[in-house]
2 protein chains.
Amino acid sequence: MTKLPEAAIPERKRGEGVKFVYEILRDDILNLVLPPGSPIDEIQLSERLSMSRTPIREALVRLAGEGLVTTLPNRSTVVSNIDFLNLHTFFDALTLMYRVTTRLAAEYRTEADLAQIRAHQAAFTRAVEAQDALAMIATNRDLHAAIAEAGRNPYYSSLFSRLLDEGRRILRIYYSSFDDRLPRQYVDEHEDVIAAIEARDIDTADRLITQHADQIVRQIQRMIAEDRRRPLSL
Amino acid sequence: MTKLPEAAIPERKRGEGVKFVYEILRDDILNLVLPPGSPIDEIQLSERLSMSRTPIREALVRLAGEGLVTTLPNRSTVVSNIDFLNLHTFFDALTLMYRVTTRLAAEYRTEADLAQIRAHQAAFTRAVEAQDALAMIATNRDLHAAIAEAGRNPYYSSLFSRLLDEGRRILRIYYSSFDDRLPRQYVDEHEDVIAAIEARDIDTADRLITQHADQIVRQIQRMIAEDRRRPLSL
DNA sequence: TGTATTTTATTTGTCGACAAAAAATTCAGC
DNA sequence: GCTGAATTTTTTGTCGACAAATAAAATACA
């Protein structure tokens, strides 16, 4: 919040103001630079980014539509809370979308899709080797988003992206407790899934991604269970 | 577009401006009063609703987030096209969401949920008896949205609502070709599904709603096939 | 007459300002 | 010293205006 030294005010063209502030806020929210519950002050933002409140408000409307911020009428907008009490709905939807998008990817993937997917998997592998937890979270998200894109169903892709973003926030809370074993296992699991997608083997891809999804859900649940402070609804 | 006689300018409180214009535009889009491709003129709207462009733009950003309008940079916003070339992705997602939400409803429904669902089913029945195709489309949507609410998974509900809205636009195109047989059949199918939800019989509810969804998909496909002008991507 | 180029007009994206609400503060009364 | 009402301050929602960008019209030229 109080990082004035970043006086990097890149010359923005007309029409990119909303996108600019949208991406900054989105990144800050997903990386928990703005933790859940943080109030977002329009005036403060407009001063920091040296732009008027209008584009900032439009970016906030967009973020509200994606569920990342919550607008209280006539009161401040805040970063949306993570609903720990209803995490099972999140896990349920996440697992289903993992499966559906991967099945479709195995059915419809092109060579170009595979190249994209492999590039993201390579980035994920590098992040694991560098033990960079933040990069792991981000590249893992990008990999699965790329697989979803190969499935070519925008309805699924958009919901899945939203779920992956929410997962990014949740993982980010516990990223300190990553041990070294799990990420390397994920690399291998990814490789197997990608191989099945390449072979257009829908059922195998489904079976593997289901295991992968269950694995991730269990990991998050374990992280929450082991967490001393156990946030209730934050 | 050119309906000036509606000079009903209801006294709006501060903070309801965006909601007001959002709901008007949404209704007009879903009822095809604003057909796909229609340009949305901010100034014209601001004069018609006698408000400034700011709340109108925020409503447009919200609609763009839901995919109902498309904003061309530095050019006019238009009502989103219906992608007839990729309808299968729509049918796929629609069928899956029908199933998932109905299964969850059978699992988690409360008595209050059932009352809500029954009320919507009654409204749908009335619309069928009155042979009011527009009301059928709207009440059918509300019924399934209510079932989804009973499933208590906001991720599914929001995607399903979006799909039901898109279906409303598609059905609205062909509503003239409704024959009398299908709607009455839908009433009975709804009754059976509701009974299964009440009995908490997940598998039966799933089986019935799958049939119901397939039925609807086939009806839309038949309507499109029989349509002489066969819109390509409109 | 048809095409390319300049000029005009329309429309969007952004700005600064103002008034209504809410929150924070001050003050009065006990 | 504490509670509650009145006042001030802050923040939001909306407005009208202006400049960049685009579309439309007018003009020049072949």
Side-chain angles (χ1 to χ4, degrees), chain A residues 1-2 4 7-26 28-29 34 37-65 67-81, chain B residues 1-2 4 7-26 28-29 34 37-65 67-81:
Chain A
M1 291 287 266
T2 54
L4 302 168
I9 359 159
E11 279 300 314
R12 275 173 285 98
K13 285 179 217 153
R14 170 197 158 91
E16 294 183 354
V18 177
K19 196 182 161 202
F20 179 69
V21 53
Y22 165 80
E23 287 173 354
I24 285 187
L25 283 176
R26 192 187 127 91
D28 281 358
I29 292 171
L34 294 174
S38 306
I40 297 181
D41 188 332
E42 296 174 6
I43 297 176
Q44 198 172 322
L45 255 177
S46 72
E47 287 171 356
R48 181 149 71 92
L49 305 179
S50 56
M51 55 167 61
S52 109
R53 278 174 50 224
T54 310
I56 289 172
R57 291 191 108 250
E58 293 188 5
L60 288 178
V61 171
R62 210 171 137 189
L63 289 166
L68 290 179
V69 304
T70 308
T71 321
L72 316 177
N74 279 319
R75 216 145 350 126
S76 65
T77 22
V78 297
V79 178
S80 296
N81 288 333
Chain B
M1 290 289 265
T2 56
L4 303 168
I9 358 157
E11 279 299 316
R12 274 172 288 96
K13 284 178 218 154
R14 170 198 159 91
E16 294 182 354
V18 177
K19 196 181 160 200
F20 180 68
V21 53
Y22 166 79
E23 285 172 356
I24 286 185
L25 283 176
R26 192 187 128 91
D28 281 357
I29 291 171
L34 294 174
S38 305
I40 297 180
D41 188 333
E42 297 174 5
I43 297 176
Q44 197 172 322
L45 255 178
S46 73
E47 286 171 357
R48 183 151 72 90
L49 304 180
S50 56
M51 56 168 62
S52 110
R53 279 175 49 225
T54 311
I56 289 172
R57 291 191 109 250
E58 293 188 5
L60 288 178
V61 171
R62 210 172 136 188
L63 289 167
L68 291 178
V69 304
T70 307
T71 319
L72 316 176
N74 279 320
R75 216 148 347 129
S76 65
T77 349
V78 298
V79 177
S80 295
N81 288 334

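Within every chain, numbering begins at 1; the chains are lettered A, B, ... in the order of the sequence lines, protein sequences first and strands thereafter. These numbers were taken from a predicted model, which means no experiment stands behind them.
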Item to check | Heavy-atom protein contacts under 4.0 Å, nucleotides 6-18 of chain D, coded B base, S sugar-phosphate only, - none | outcome: -----SBBBB-B-

Checklist entry - Within this structure, what is the CG-to-C1' distance between L45(B) and dT12(C), rounded to whole angstrom? => result 14 Å

Checklist entry - Taking all atoms of both residues into account, what is the closest heavy-atom pair of G67(A) and S80(A), and its distance? => result O-OG, 2.9 Å

Checklist entry - What pairs with R75(B) under salt bridge (Lys or Arg N to Asp or Glu O under 4.0 Å), at least two apart in sequence or on another chain? => result none

Checklist outcome for this item: Between S38(A) and the options V69(A), V78(A), V79(A), the side chain to side chain contact (heavy atoms under 4.5 Å, CB included) test singles out V79(A)

Checklist entry - Does any non-hydrogen side-chain atom of L25(B) lie less than 4.5 Å from one of L60(B)? => result yes

Checklist entry - Which atom names give the shortest non-hydrogen contact between T71(B) and A64(B), and what distance separates them? => result OG1-CB, 3.9 Å

